[in-house]
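One structure is given here, and the rest of the page talks about it.
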Amino acid sequence: MKLHISKPTSNLIKASVKITGSKSESNRSLLLKALYPTINISNVSNSDDAVVMAKGLQIEKGEVDIHHAGTAMRFLTSYFATQEGKEVTLTGSQRMTERPIKVLVEALQNLGADISYVKNDGYPPIHIKGKKITKHKVSLPADISSQYISSLLLTAPSLEKGIELELVGKITSVPYIKMTLALLSQIGVESSFVENTIKVLPKKEVEPTNLVVESDWSSASYFYSLVALSDVGTQVTLSAYKENSLQGDSVLAKIYADFGVKTTFKENQIVLEKIQKEQLLKVEIDLANAPDIAQTIAVTCFGLGVACHLTGLHTLKIKETDRLEALYTELSKLGANITVTNNTLTLESSKNIIPDVAIDTYNDHRMAMAFGPLALKTSLFINDAGVVSKSYPDYWEDFKNLGIVAKEV
């Protein structure tokens, strides 16, 4: 599906949107429920990733195809490796077969897991024979994606001796690790995170527990961008959110305050309001703990004519696409003066935006969604706009309800 999007008759928006549960929290909760059936989950994400995760957890033998879902690939690798009697081949899309899994596989093999590569060493598809794991000490590089770390931590309480995980080097994406440990705490699992060592104690059974998934802060980022690019007085209410969120992307409230977006927590909602604020010239932000909002912020800065220097972006190279190169290509089409390295993105200030450019999305939901708010500044085309179903199937409908004109072409 190709969409042509353009701005509404007025850049003054007043609306309310209910956003589905966090993909990150949903997939963690789904894995815990598979280990402990006494758990009940509310407000599960309706994203493609959560759907394939739930489906994959039901399979005992044969092929498990998780398509583009990187979180499911990593979480299910540890899950199946620790489930005696289960034997599966874990595979996915063409892009998934290019995304490394070796660090996690080696860690599990060091614990005693039986995992082999079907084609290329270090990459999916992988063949897994589930077995009882008795070893409990293992190490991982600290600067890798937190999903590798969380994958081990989530399965840890079901192991005979739990797990003692040493992270070697400087840790990135700490909020996502803490989210995992907080969810374990909610079901009564004891853990500790001291310096670079994480310990999770074993737990055979869990009391009946209801896990309520908070709405997705990554999805909220596109409304922060929309409000930042809109006129003073715009107000968008989003639900359901917590002030003491477990999600790293909740840092949005602080970051977007600099763009004139005021966040007010009200019961289980957040109210985003565009207020009068002196024009920014440049922002410098370290996104090591929240890399998924880098694309949104880069597009916001471009739309506002604000220079930016974003760091801590090394994990973006191995996402659904190489997100740094994708941002470089697509923002350049729009007239941006941009440079990227393996870890940074630098954008120069510019007021000129080339209209009616076709944005390629690279099978990456966040590429499509990050460019959506730019419709308030220029008309543009979004190629393969349906890719948003990976994390936010209702995205374009919600944007249309806010006045964005979106027509299929």
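Computed from a predicted model, the values in this text were never measured in an experiment.
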Quiz: residues 53-70 side-chain donor-acceptor pairs under 3.5 angstrom, not counting sequence neighbours:
{"unit_1": "Lys61", "atom_1": "NZ", "unit_2": "Gly85", "atom_2": "O", "d": "2.9"}
{"unit_1": "Asp65", "atom_1": "OD1", "unit_2": "His67", "atom_2": "N", "d": "2.9"}
{"unit_1": "His68", "atom_1": "ND1", "unit_2": "Ser93", "atom_2": "OG", "d": "3.0"}

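- Counting non-hydrogen atoms of other residues, nucleotides and ligands closer than 6.0 Å to NZ of Lys14 gives a total above 12.
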Would you please test Ile270 and Val236 for side-chain contact (heavy atoms from CB on, under 4.5 Å) and show each step?
CA-CA 8 Å; Ile270 49 173; Val236 176; over 6 Å; no
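- In this structure, Asp49 pairs ionically with Lys390, as a charged nitrogen and a carboxylate oxygen lie closer than 4.0 Å.
- A donor-acceptor pair is defined here as one N or O able to donate and one able to accept, closer than 3.5 Å; such a pair exists between the side chain of Thr329 and the backbone of Glu325.
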Let's go through Leu313 and Leu287 carefully: what are the C-alpha distance in whole Å and the side-chain angles of both, what is the deciding distance for side-chain contact (heavy atoms from CB on, under 4.5 Å) to 0.1 Å, and is it a yes or a no?
CA-CA 7 Å; Leu313 308 181; Leu287 290 171; 3.9 Å; yes
Give the C-alpha distance, both sets of side-chain angles, the deciding distance and a yes or no for salt bridge (charged side-chain N to carboxylate O under 4.0 Å, His left out) between Arg323 and Asp292.
CA-CA 10 Å; Arg323 287 179 172 168; Asp292 279 345; 3.3 Å; yes
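- Atom NZ of Lys266 is surrounded by 12 or fewer heavy atoms from other residues, nucleotides or ligands within 6.0 Å.
- Test Leu374, Thr300, Ile404 against Leu226 for side chain to side chain contact (heavy atoms under 4.5 Å, CB included) and you get one pass: Ile404.
- A donor-acceptor pair shorter than 3.5 Å can be found between the side chains of Thr296 and Ser221.
- Across all non-hydrogen atoms, the minimal contact from Leu327 to Ile338 is O-CD1, 4.1 Å.
- Heavy-atom contacts from other residues, nucleotides or ligands closer than 6.0 Å to NZ of Lys262 number 12 or fewer.
- Residues Pro373 and Ser225 come closest through the heavy atom pair CB-OG, 3.6 Å.
- Each of Phe371, Tyr392, Phe223 was compared with Phe399 under the ring pair (Phe, Tyr, Trp, His ring centres under 6.0 Å) criterion, and only Phe223 meets it.
- Looking only at atom types and distance, the side chain of Lys86 has a donor-acceptor partner in the side chain of Tyr79 under 3.5 Å away.
- Taking a 6.0 Å sphere around CD of Glu98, one finds it holds more than 12 heavy atoms contributed by other residues, nucleotides or ligands.
- Using a 4.5 Å heavy-atom threshold, the side chains of Asn383 and Ile359 count as separate.
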Go through the steps for Ser6 and Ser379 under the test side chain to side chain donor-acceptor pair (under 3.5 Å), then give the verdict.
CA-CA 4 Å; Ser6 54; Ser379 56; over 6 Å; no
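- Using a 3.5 Å distance cut-off with no hydrogens or angles, the side chains of His136 and Glu160 do not pair a donor with an acceptor.
- In this structure Glu330 satisfies the salt bridge (Lys or Arg N to Asp or Glu O under 4.0 Å) test together with Lys333, sequence neighbours excluded.
- The pair Glu408-Lys2 fails the salt-bridge criterion, with no side-chain N (NZ, NE, NH1 or NH2) lying under 4.0 Å from an Asp/Glu carboxylate O.
- Checked by atom type, the side-chain pair Ser22/Trp217 shows no donor-acceptor distance below 3.5 Å.
- Counted within 6.0 Å of CZ on Phe381, heavy atoms from surrounding residues, nucleotides or ligands total more than 12; the atom is thus considered enclosed.
- Thr341 and Thr344 share a side-chain donor-acceptor pair at under 3.5 Å.
- With values rounded to the nearest 0.5 angstrom, Ile128 atom CD1 is found 9.5 Å from Asp114 atom CG.
- Side-chain polar atoms of Thr264 and Glu273 form no donor-acceptor pair below 3.5 angstrom.
- Thr346 pairs by the side chain to side chain donor-acceptor pair (under 3.5 Å) definition with His309, not counting sequence neighbours.
- Classification of Glu25 and Arg28 as a salt-bridged pair fails, no side-chain N sitting under 4.0 Å from a carboxylate O.
- A donor atom on one side chain and an acceptor atom on the other are found under 3.5 Å apart for Gln147 and Thr71.
- Aromatic ring orientation, Tyr222 versus Tyr395: perpendicular (interplanar angle above 60°, classes split at 30° and 60°).
- Side-chain contact between Thr97 and Tyr123 is absent, with no heavy atoms from C-beta onward closer than 4.5 Å.
- There is no side-chain donor-acceptor pair under 3.5 Å between Tyr36 and Thr209.
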Asp121 vs Lys102, test: salt bridge (charged side-chain N to carboxylate O under 4.0 Å, His left out). Steps then yes/no.
CA-CA 8 Å; Asp121 188 62; Lys102 190 171 189 174; 3.2 Å; yes
